[in-house]
Protein chains: 2
Amino acid sequence: MAVTLHDVARLAGVSIKTVSNVINDYPHIRPATREKVELAITELGYTPNLTARSLRSGRTGAIALAVPDLALAYFAELAAAVIAAAEASGLVVLVEQTGADPERERELLRSPRLKMTDGLIFSPLGLGQEDIAALEVPYPLVLLGERMFDGPSDHVTMQNVEAARAATEHLIAAGRRRIAVIGSHEGEVIGSAGLRLRGYREALEAHGIAYDESIIGPSMAWHRESGARAMRELLARGVGFDAVFALNDTLALGAMRALLEAGRRVPDDVAVIGFDNIDEAQYTVPSLSTVDPGRAWIAETAVATLLERIAHPQSDVPPRLLLADFSVVARESTHAA
Amino acid sequence: MAVTLHDVARLAGVSIKTVSNVINDYPHIRPATREKVELAITELGYTPNLTARSLRSGRTGAIALAVPDLALAYFAELAAAVIAAAEASGLVVLVEQTGADPERERELLRSPRLKMTDGLIFSPLGLGQEDIAALEVPYPLVLLGERMFDGPSDHVTMQNVEAARAATEHLIAAGRRRIAVIGSHEGEVIGSAGLRLRGYREALEAHGIAYDESIIGPSMAWHRESGARAMRELLARGVGFDAVFALNDTLALGAMRALLEAGRRVPDDVAVIGFDNIDEAQYTVPSLSTVDPGRAWIAETAVATLLERIAHPQSDVPPRLLLADFSVVARESTHAA
DNA sequence: CTGAAAGCGCTAACAC
DNA sequence: GTGTTAGCGCTTTCAG
């Protein structure tokens, strides 16, 4: 069924090697030969069998991207950016969803399905410090979005602590003092939740504001639904607060919804800031202030770093930690009252 | 570097074929042999080379999914559903973004990169009726989301016309008569915009309401941004309307934003309904009424249909058109005034 | 500048 | 039940 190099070679009256040379732009081919071959290629509609090429060359031209869930806006936008960056380098992207399940994340790392790709860009959510050994994998790996110290692989990540601190300070600068948090993960140190909470605490401390556990709203899931729920719980506690730092934008949108339902005005009664700068943050009512963690740069850098590791698998370059610049994006939800 | 069947065979003291049999659960193997082989496999940490297996078997275990842009919520949620459905069948998904560019969509269909997959689930946006010939491809193909008549491939799609008609009738039932549209594509017949506008017109006609071009807001892009812009243009025209049918949810969210900025209350002054039922529609303020076009069913059916075609490439089953059930989801944005 | 031939790791006839 | 062997389609020394 499929037309192969042999078919082309036969029609062009040359050897299979010559056809291969033409396809791979080997420099020293007589123009007449090249033309003959190209004619045969178009006549037969030949397209190279990439699987065979992969087997031979050891390269697939594909990379894998593993994210918790594409239905989450942040990861969808991240995936869009990664795919675009990969395409610019002639790579194709295989997307996996882990559901943020530590078990599935560990499984993914040893999945033979990865043999179909040249490397992996992995945004773990469930893995902890104790899983660092599992990251010792026999293929190029770039981690995203979380900062695991002393891991064996390159990390491209955002400055969670510093950006969270800046977000909190943005609220403090607007005159807020009772700043609630939505989306904390109790006891977490190394994940995004832990790091962002740390930034929050640092900001409080720097401004002489006491940390008050009673306005910390935990929520394992970072969905709109859970943001709304966590906010309702916070309101039900009856403790006062004049601002909310939601640990991501989606939580913030859910929290805003719950605040409005409860008759609290944003930003007049409660200022709200999120984290991620997802597209929709600018179109909500009120528009959502947030931190832009440098998503586009992260995607491009992750692909570039992975490509480098793929090109030099035995390189002695130690694991790098690449940090994106961030910025606070002030919008309506934190306008001065 | 990599450990192969030969290595395992040597360690286990059997032939390569026996190892292959064990891996592929070939029934007739002596338990003792199986055990020996399995021991060798774990000892060496052997994982099969999927590229080699693909070359030999002609199957890759991967499918491709092509969507316009993952940053668009509808397609992100669709991709999430497709990947989940594929995984349930042991398939892995390669995601491509076309940017809704007809040129890139045509190119994609003949891309040799597809040789790395067993088939394609394709959500075209730029292709028109004239491109039907381009859909005659030498691999299994399932189209999504648009209804091209008499194409050569299976289609899994939503009932655009009927669902749009139902959305419009929902507004009419709420007492609205001046129903604007956001997101039309002038002159389009076969795309989602054309079909949904047709449903809108059918609903008007059925209720004796005249079609009025002056309240039709065109917008090629279906982003929040463009929805807001189209709505501002509509408002600037100074024509009156008491409802808006946005041709998708994202447009609707942008339009709501523009309405609120202009001091129009939703739903009191203007009722708004969208299309797609993306997750966030239920969390906006006010929550967005919309049409659920059956996304989950579409994703599962697309994967199942593609798998069938992959399993029976020469089947005589003619191209099928599979239509998802839809439902109107009434929320705050269309509550009776 | 072009041809012949080996082999990437695996599966599937076909022997034994 | 298990081993031998021939390729899947391609790239790549190595000759010529």
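Worth knowing before you read on, the calculation uses all heavy atoms, side chains too, and leaves out hydrogens, waters and symmetry mates. Every chain is numbered from 1 and lettered A, B, ... according to where its sequence line falls, protein lines coming before strand lines.
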Return the residues of residues 6-19 of chain B meeting this criterion: a heavy atom under 4.0 Å from some atom of DNA chain D. Order them by number, or give none. B:Val14, B:Ser15, B:Lys17, B:Thr18
Once side-chain contact (heavy atoms from CB on, under 4.5 Å) is applied, do any residues pair with B:Arg104, and if so which ones, sequence neighbours excluded? A:Glu87, B:Asp101
Grab the CG-P distance between A:Leu5 and D:dG7 for me, whole Å please. 18 Å
Using a 3.5 Å distance criterion without hydrogens, assess whether the side chain of B:Glu105 forms a donor-acceptor pair with backbone atoms of B:Leu125. yes
How long is the gap from CG on B:Leu120 to CG on B:Leu109, to the nearest 0.5 Å? 6.5 Å
Under 4.0 angstrom, heavy atoms only, what part of the nucleic acid is B:Ile29 near: base, sugar-phosphate, or nothing? sugar-phosphate
Phosphate-side-chain proximity, A:Thr33 and C:dT2, N/O vs OP1/OP2 below 4.0 Å: yes
Without decimals, in angstroms, what is the distance between A:Asp25 CG and D:dT12 C1'? 17 Å
Just how far, in rounded Å, is P of D:dC10 from CG of A:Asn24? 11 Å
Among residues 50-59 of chain B, which residues get a heavy atom nearer than 4.0 Å to DNA chain D? B:Leu55, B:Arg56
I need the CG-C1' distance between A:Asn21 and C:dA4, as an integer number of Å. 13 Å
Okay, side chain of B:Thr305, backbone of B:Thr301: is any donor-acceptor separation there less than 3.5 Å? yes
A:Arg34 CZ to A:Glu38 CD distance, which is reported to the nearest 0.5 Å: 6.0 Å
Check: A:His312 side chain, A:Ile310 main-chain N or O, donor-acceptor pair, under 3.5 Å: no
Checking B:Thr157 side chain against B:Leu323 main chain: does a donor-acceptor pair fall under 3.5 Å? no
Indicate yes or no for a side-chain donor-acceptor contact from B:Glu136 to the backbone of B:Pro152 under 3.5 Å, with no hydrogens or angles considered. no
